[in-house]
Amino acid sequence: MRPRSKLPALLLGTALLASVLGVGSVATAAGPAATPAAPAASAAGHSGHSGHSGHSGHSGHTTAVSTRASADDPDGDGYIPAVPQVTGVTPSTATPPPRYHKEFQANCSVTHTAPDDPIIYPGQPGKSHDHTFMGNTTTNAGSTTASLYGGNTTCNAPADASAYWMPSLYNGDKKILPVGPQVIYYKSGITDYTSVRPFPRGLRYVVGDPLQSAQQFRAHKGFVEGWECGDSFFNVDFPATCPSRPDVQLNIRFQAPSCWDGKYLDTPDHKSHMAYPVVKPGTNDNMCPASHPVALPMIEFKMAFPVNGDMSQVRLASGRGYSFHYDFFNAWEERTLKALVDHCIVGGLQCDTRGYDQNHPERGAVLNADHRLP
């Protein structure tokens, strides 16, 4: 249930803000044109998304929790209850027949950029650092579940009106935008892929933290290969140089938590309602923790930025390379998302954006040539 008082959220905000303000070191992005990065997180770490470093006149501004009411959160306490809530779920410990892939792709192109963030700063345009948005074409500071749902999208499937965004990347003062559809995987993060269910409408969360240190970024449970270009992998910060060839881009892969508490579509830190899978004791299997028993698809961003050669001036709007993070706001049409999850993830297939596995043509596709349910 929603807390009866705003006190827990306020206490959480105070604690998180104190941890931010208690940090003395500031990492500066490379290059004279760089925007000052947010302070590194404290050594003890903090699980909450403690706001973004400022941009466009808000340099250094941080906030610990959502403090503004919105259509999705009328009282502005940061808690958005799911309706209905999902209760009575026990994390699955089953071990179905092994499948190497249990996934489909929801690939989306860049739509626009703006210093907005409807999760962190709802209804407060211009308050965030600059973001590069993909998917829903209308995403802005005022976006809500209702405004996104059924909207136009640059994702391959018209039913995916979700909003996806990340800090904008710059080379000096030039903004570098990914070209064409970017790969967004929907996978199983747990061993029992047959227990994965679709996202609830309006679920939103933040992956990573712009305030994280280089060490926290490398140790993050969503870390896959870090920044890469050419034959250079596992970079926590941007490589000094990348091969100057037309086929070389700067890439990053980063995975989201996939276990949900079943109660909230968002929480004040934009993370606590989600969790990464844990290892089942005595095995190598992954399962959801008891606190977050509902298995959802695991999103993985695989982004490619058209920049190479001298990388000394490359930075993120949020700071250094290890400040990378991203946001997801679900606005899928339910029948289409369920069909893809059931066929590709629960079905143990390696699907493309149409829900087709070329290794198993006999299983067919979920969507037609127009990426719609037939």
Side-chain angles (χ1 to χ4, degrees), residues 37-38 40-41 45 47-50 52-53 101-110 117 119-120 129-135 155 162-169 176-178 181-190 199 203-229 232-239 242 249-260 269-271 274-277 286 296-307 311 314-330:
S47 60
H49 184 297
S50 302
H52 293 209
S53 65
H101 295 283
K102 296 85 61 174
E103 66 186 36
F104 67 91
Q105 296 180 26
N107 299 352
C108 309
S109 300
V110 169
D117 191 323
I119 295 179
I120 306 299
H129 55 234
D130 200 74
H131 282 113
T132 294
F133 293 90
M134 299 170 289
C155 299
S162 303
Y164 308 85
W165 66 95
M166 58 191 170
S168 295
L169 185 135
I176 307 296
L177 301 180
Q182 297 302 293
V183 180
I184 301 172
Y185 290 107
Y186 279 53
K187 301 182 174 185
S188 174
I190 59 172
F199 292 117
L203 181 77
R204 68 209 73 181
Y205 53 74
V206 178
V207 185
D209 193 324
L211 303 181
Q212 65 207 351
S213 67
Q215 293 77 14
Q216 287 172 321
F217 180 58
R218 179 65 183 86
H220 197 283
K221 292 181 179 179
F223 188 94
V224 181
E225 295 172 349
W227 294 101
E228 60 178 12
C229 63
S232 179
F233 300 88
F234 297 104
N235 296 291
V236 174
D237 207 346
F238 299 120
C242 290
Q249 299 192 78
L250 179 68
N251 294 273
I252 190 167
R253 298 168 68 114
F254 210 77
Q255 295 176 341
S258 59
C259 298
W260 179 44
D269 66 358
H270 316 295
K271 293 183 177 183
M274 300 295 298
Y276 284 88
N286 289 323
L296 301 177
M298 181 191 75
I299 286 180
E300 178 181 312
F301 266 31
K302 184 181 179 183
M303 303 288 118
F305 301 88
V307 61
M311 304 288 286
V314 174
R315 61 184 172 92
L316 292 171
S318 53
R320 297 281 286 270
Y322 48 79
S323 72
F324 181 78
H325 57 287
Y326 63 86
D327 303 59
F328 169 65
F329 195 141
N330 175 46

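It should be emphasised that the depicted structure is a prediction, and the values quoted were computed from it without experimental measurement.
Taking the ring-ring contact (aromatic ring centres under 6.0 Å, His included) definition, one finds that H220 meets it with F254, Y276, sequence neighbours left out. Shown here are the side-chain hydrogen bond (donor to acceptor under 3.5 Å, both in side chains) partners of S188, two or more places apart in sequence or in another chain: there are none. N286 meets the side-chain hydrogen bond (donor to acceptor under 3.5 Å, both in side chains) test with no other residue; sequence neighbours excluded. Applying the side-chain contact (heavy atoms from CB on, under 4.5 Å) rule to P181 yields the partners N107, S109, N156; only residues at least two apart in sequence or on another chain are considered. Looking at residues two or more places apart in sequence or on another chain, you find no ring-ring contact (aromatic ring centres under 6.0 Å, His included) involving W260. A search for side-chain hydrogen bond (donor to acceptor under 3.5 Å, both in side chains) contacts involving E300 returns K187, R253, Q255, not counting sequence neighbours. The side-chain contact (heavy atoms from CB on, under 4.5 Å) test applied to S323 returns L316, S318, not counting sequence neighbours. Here Y186 pairs with Y164, W332 under the side-chain hydrogen bond (donor to acceptor under 3.5 Å, both in side chains) rule; sequence neighbours left out. Scored by the salt bridge (charged side-chain N to carboxylate O under 4.0 Å, His left out) test, E228 finds no partners at all (sequence neighbours excluded).
Taking the side chain as every heavy atom from C-beta outward, I299 and Y326 approach each other to under 4.5 Å. L250 is not listed as a side-chain neighbour of M303, based on a closest heavy-atom distance of 4.5 Å or more. No side-chain heavy atom of V206 sits under 4.5 Å from any side-chain heavy atom of D117. No side-chain heavy atom of M166 sits under 4.5 Å from any side-chain heavy atom of Q182. Using a 4.5 Å heavy-atom cutoff, the side chains of H129 and P167 are in contact. The side-chain heavy atoms of F301 and F328, taken from C-beta on, include no pair separated by under 4.5 Å. Residues Q105 and Y185 have side chains in contact (heavy-atom distance under 4.5 Å, counting atoms from C-beta outward). Side chains of V314 and P239 form no contact here, defined as non-hydrogen atoms less than 4.5 Å apart.
When each of I119, T132, V110 is checked for a side chain to side chain contact (heavy atoms under 4.5 Å, CB included) with W165, only I119 meets the rule.
Ring-plane geometry between H325 and H131 is classed as perpendicular, the angle between the planes exceeding 60 degrees on a 0 to 90 degree scale with a lower cut at 30.
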side-chain contact (heavy atoms from CB on, under 4.5 Å) evaluation trace for K302 with V224: CA-CA 10 Å; K302 184 181 179 183; V224 181; over 6 Å; no
Stepwise, does the side-chain contact (heavy atoms from CB on, under 4.5 Å) test hold for I184 with C108? CA-CA 7 Å; I184 301 172; C108 309; 4.0 Å; yes
Derivation and outcome, side-chain contact (heavy atoms from CB on, under 4.5 Å), residues F234 and R218: CA-CA 8 Å; F234 297 104; R218 179 65 183 86; 4.2 Å; yes
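Of all heavy-atom pairs spanning S213 and Y322, the tightest one is C-CD1, 3.8 Å. Nearest heavy-atom pair, D130 versus S168, reported as atom, atom and distance to 0.1 Å: OD2-OG, 2.6 Å. The minimum heavy-atom distance between I190 and C259, with the atom names listed, is CG2-SG, 4.4 Å. Between N235 and F217, the closest heavy-atom pair is O-CE2, 4.5 Å. Residues M274 and Y205 share a closest heavy-atom pair of CG-CD2, 3.8 Å.
A donor-acceptor pair is defined here as one N or O able to donate and one able to accept, closer than 3.5 Å; such a pair exists between the side chain of D237 and the backbone of G321. Judged purely by atom type and a 3.5 angstrom limit, N251 uses its side chain to pair as donor or acceptor with the backbone of Q249. Q212 contributes a side-chain N or O that, together with a main-chain N or O of F324, makes up a donor-acceptor pair within less than 3.5 Å.
Atom CZ in R320 sits 13.0 Å away from atom CH2 in W227 (nearest 0.5 Å).
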